[in-house]
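Heads up, the thing below is written out as structure tokens.
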There are 2 protein chains.
Amino acid sequence: MTAVLVIDDDPYLLRALRITLQAHGYAVSTAADGRSSLLAARQNAPAVVILDLGLPDMDGTSVIRELRSWSEVPILVLSARHGSEDKVQALDAGADDYITKPFGLDELLARLRALLRRSIDPEQSPVITADAFTVDLGKRTVQRDGQEVRLTPTEWHMLEVLVRNPEKLVTQQQLLSEVWGPAYAKETNYLRVYMAQLRRKLEPDSANPRHLITEAGIGYRFRP
Amino acid sequence: MTAVLVIDDDPYLLRALRITLQAHGYAVSTAADGRSSLLAARQNAPAVVILDLGLPDMDGTSVIRELRSWSEVPILVLSARHGSEDKVQALDAGADDYITKPFGLDELLARLRALLRRSIDPEQSPVITADAFTVDLGKRTVQRDGQEVRLTPTEWHMLEVLVRNPEKLVTQQQLLSEVWGPAYAKETNYLRVYMAQLRRKLEPDSANPRHLITEAGIGYRFRP
DNA sequence: GCCCATCTTGACGAATCCTTGACGCCGATG
DNA sequence: CATCGGCGTCAAGGATTCGTCAAGATGGGC
């Protein structure tokens with residue numbers, strides 16, 4: 001099921017969107033201000049974000065920029081402001097689409113479909129195999145010996161970053177800022193703890209990892 | 001230069017778009033009806049298509065569908081019709097965005113940028129080959145005889161400096177200050193130790209190096 | 001309010017990497 | 001022919017980083 005994060009400070013509109021989206025088969029999570037929305041985006045890793053500009057605590061374009069600094073999730077902006085300037089600002093900050101209020105719900109849904117079509121399609125085969133385990137990026141699941149492995153959100157997020165860059169070295173800073181945020185660049189402890197978790201769950205011999213390789217002093221690498 | 005195909009049967013709008021787009025650095029080709037536009041799309045392989053609905057010979061959604069049947073190029077639709085139905089139809093047919101007339105040119109340009117941002121695929125990293133080994137600067141890997149060679153951070157850093165300046169002489173001071181910092185200009189010991197390491201790992205005959213050449217008294221040189 | 005899963009934090013031996021110094025080789029020089 | 005400086009080699013130690021574990025802290029669901 002496709003996960004959508006709706007960010008809006010108007011409880012009525014929020015409720016209407018939640019009901020409509022759920023009726024069309026989306027899994028909906030919500031946030032009412034900029035700060036909590038960034039947190040929610042990190043934890044839920046939604047497939048698409050619907051963002052109402054004019055939040056109480058943060059500038060709209062700031063939210064977009066923060067999101068973009070670590071995520072490529074498609075962003076659809078809602079706004080009451082029709083001016084060209086606002087649109088250009090939001091789009092150039094990293095938004096993918098911009099609808100002005102009032103809008104038709106069917107138009108919103110159609111634009112949502114258009115965005116999702118783009119973001120899922122280019123993933124040729126969202127399934128990555130590493131002979132010991134299989135990662136399905138679309139379904140957000142991992143299998144090992146035909147058995148599904150349960151990962152915590154953070155474990156998954158970290159695995160996803162590595163798996164999306166096969167063979168490529170991902171630096172500790174990249175991982176930390178992707179998963180925990182740019183402010184955590186010094187907490188390399190987290191990496192060690194979670195890498196151990198991942199290896200225990202995924203590697204046949206976690207003492208001699210074959211797919212989740214550490215490059216001492218630099219970062220980690222996923223080898224299919 | 002980014003190639004844009006503009007499809008519009010209104011010669012004035014067409015001219016305005018051409019001039020604006022060219023002024024912003026795009027290469028513009030045009031078509032005035034459905035049939036010729038499909039031909040143009042095949043021949044020019046544009047990076048993005050701007051399509052005005054309401055062409056004389058074909059239905060707008062038909063053009064989109066035809067295009068989509070063989071191309072994934074982003075499509076931005078212009079239309080005079082504000083109805084939800086038209087938008088939904090176009091978007092579900094495969095369009096990526098939909099603007100209604102009249103529209104601001106800067107909004108059009110911003111939406112164009114948003115579409116193009118999505119479609120640039122992750123470029124493959126530059127690979128440097130030296131017939132005995134290959135260096136992938138993007139993945140940060142070195143291969144020799146198809147086998148991956150593991151380098152320590154310092155080894156890699158030093159190799160990187162040399163490989164980024166093929167055939168060029170890199171002085172000892174340049175190497176030292178790049179890898180260890182400007183304060184280490186006297187520690188030519190390091191260079192000897194690490195150059196030996198690199199040659200042992202990479203050169204077929206480390207006693208007679210063919211790619212990592214010493215220029216006595218001056219520095220080192222990488223020869224592909 | 002309690003329980004459970006998850007995340008954070010700190011400490012420890014183990015593994016890896018960097019530094020340092022000694023030694024021999026070679027060509028240049030006097 | 002003897003000396004000297006620059007280079008390659010090697011290995012030991014010390015410094016840094018990594019893997020591992022387990023005990024709190026946190027937060028959501030009931």
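Just the heavy atoms: all of them, side chains too, but no hydrogens, waters or symmetry mates, feed the values below. Labels below follow one simple rule: chain letters A, B, ... track the order of the sequence lines, proteins then strands, and each chain is numbered from 1.
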> Atom CG of Leu198(B) and atom P of dC18(C): how far apart are they, to the nearest Å?
Replying inline: 11 Å
>> If the test is side chain to side chain donor-acceptor pair (under 3.5 Å), which one of Arg192(B), Glu187(B), Lys186(B) qualifies with Asn189(B)?
In response: Arg192(B)
>> Can a side-chain donor-acceptor contact be found between Asp106(B) and Ser84(A) if the only test is distance below 3.5 angstrom?
In response: yes
> What integer distance in Å separates Ile213(B):CD1 from dG8(D):P?
Replying inline: 11 Å
> Does dC7(C) have OP1 or OP2 sitting under 4.0 Å from an N or O in the side chain of Thr152(A)?
Replying inline: yes
> Under 4.0 angstrom, heavy atoms only, what part of the nucleic acid is Glu155(B) near: base, sugar-phosphate, or nothing?
Replying inline: nothing
> What's the CE-C1' distance between Met158(B) and dC18(C), to the nearest Å?
Replying inline: 14 Å
> For Tyr194(B) and dC18(C), is the shortest distance between a side-chain N/O and OP1 or OP2 below 4.0 Å?
Replying inline: yes
>> How many whole angstroms separate atom CG of Asn208(B) from atom C1' of dC25(C)?
In response: 14 Å
> Roughly, in whole Å, what's the span from CD in Glu203(A) to P in dC18(D)?
Replying inline: 17 Å
> NA contact type, Gln197(A), heavy-atom cut-off 4.0 Å: base, sugar-phosphate, or nothing?
Replying inline: nothing
> Taking the six-membered ring for Trp, are Phe222(B) and His211(B) parallel (under 30°), tilted (30 to 60°) or perpendicular (over 60°)?
Replying inline: tilted
>> Quick check: closest heavy atoms across Glu155(A) and Arg150(A), and the distance to 0.1 Å?
In response: OE1-O, 4.2 Å
> How many Å lie between CD on Glu187(A) and P on dT17(D), as a whole number?
Replying inline: 15 Å
>> With heavy-atom distances below 4.5 Å as the criterion, would you say the side chains of Arg111(A) and Leu91(B) are in contact?
In response: yes
> For the pair made of CH2 in Trp180(B) and C1' in dC18(C), what is the distance, rounded to whole Å?
Replying inline: 9 Å
> Atom CG of Leu212(B) to atom P of dG8(D): distance rounded to whole Å?
Replying inline: 11 Å
>> Heavy atoms from C-beta onward define the side chain here; which of dC7(C), dT20(C), dC17(C) lies closest to that of Thr154(A)?
In response: dC7(C)
> Using a cut-off of less than 4.0 Å, is there contact between a side-chain N or O of Gln172(B) and OP1 or OP2 of dG6(D)?
Replying inline: no
Produce the list of close N/O pairs, under 3.5 Å, pairing protein atoms with atoms of nucleotides 19-22 of chain D; give distances to one decimal.
{"from": "dG19(D)", "atom 1": "OP1", "to": "Arg199(A)", "atom 2": "NH2", "distance (Å)": "2.2"}
{"from": "dG19(D)", "atom 1": "OP2", "to": "Tyr220(A)", "atom 2": "OH", "distance (Å)": "2.9"}
{"from": "dG19(D)", "atom 1": "N7", "to": "Arg192(A)", "atom 2": "NE", "distance (Å)": "3.2"}

> Which part of the nucleic acid, if any, lies within contact of Arg150(A), taking any heavy atom under 4.0 Å across all strands shown: a base, the sugar-phosphate backbone alone, or nothing?
Replying inline: sugar-phosphate
>> Counting C-beta onward and ignoring hydrogens, is there a side-chain heavy-atom pair between Asp86(B) and Leu53(B) closer than 4.5 Å?
In response: no
>> Please tell me whether Tyr98(B) and Ser79(B) have a donor and an acceptor in their side chains that are separated by less than 3.5 angstrom.
In response: yes
> Does the side chain of Tyr184(A) get closer than 4.0 angstrom to OP1 or OP2 of dT8(C) through an N or O atom?
Replying inline: no
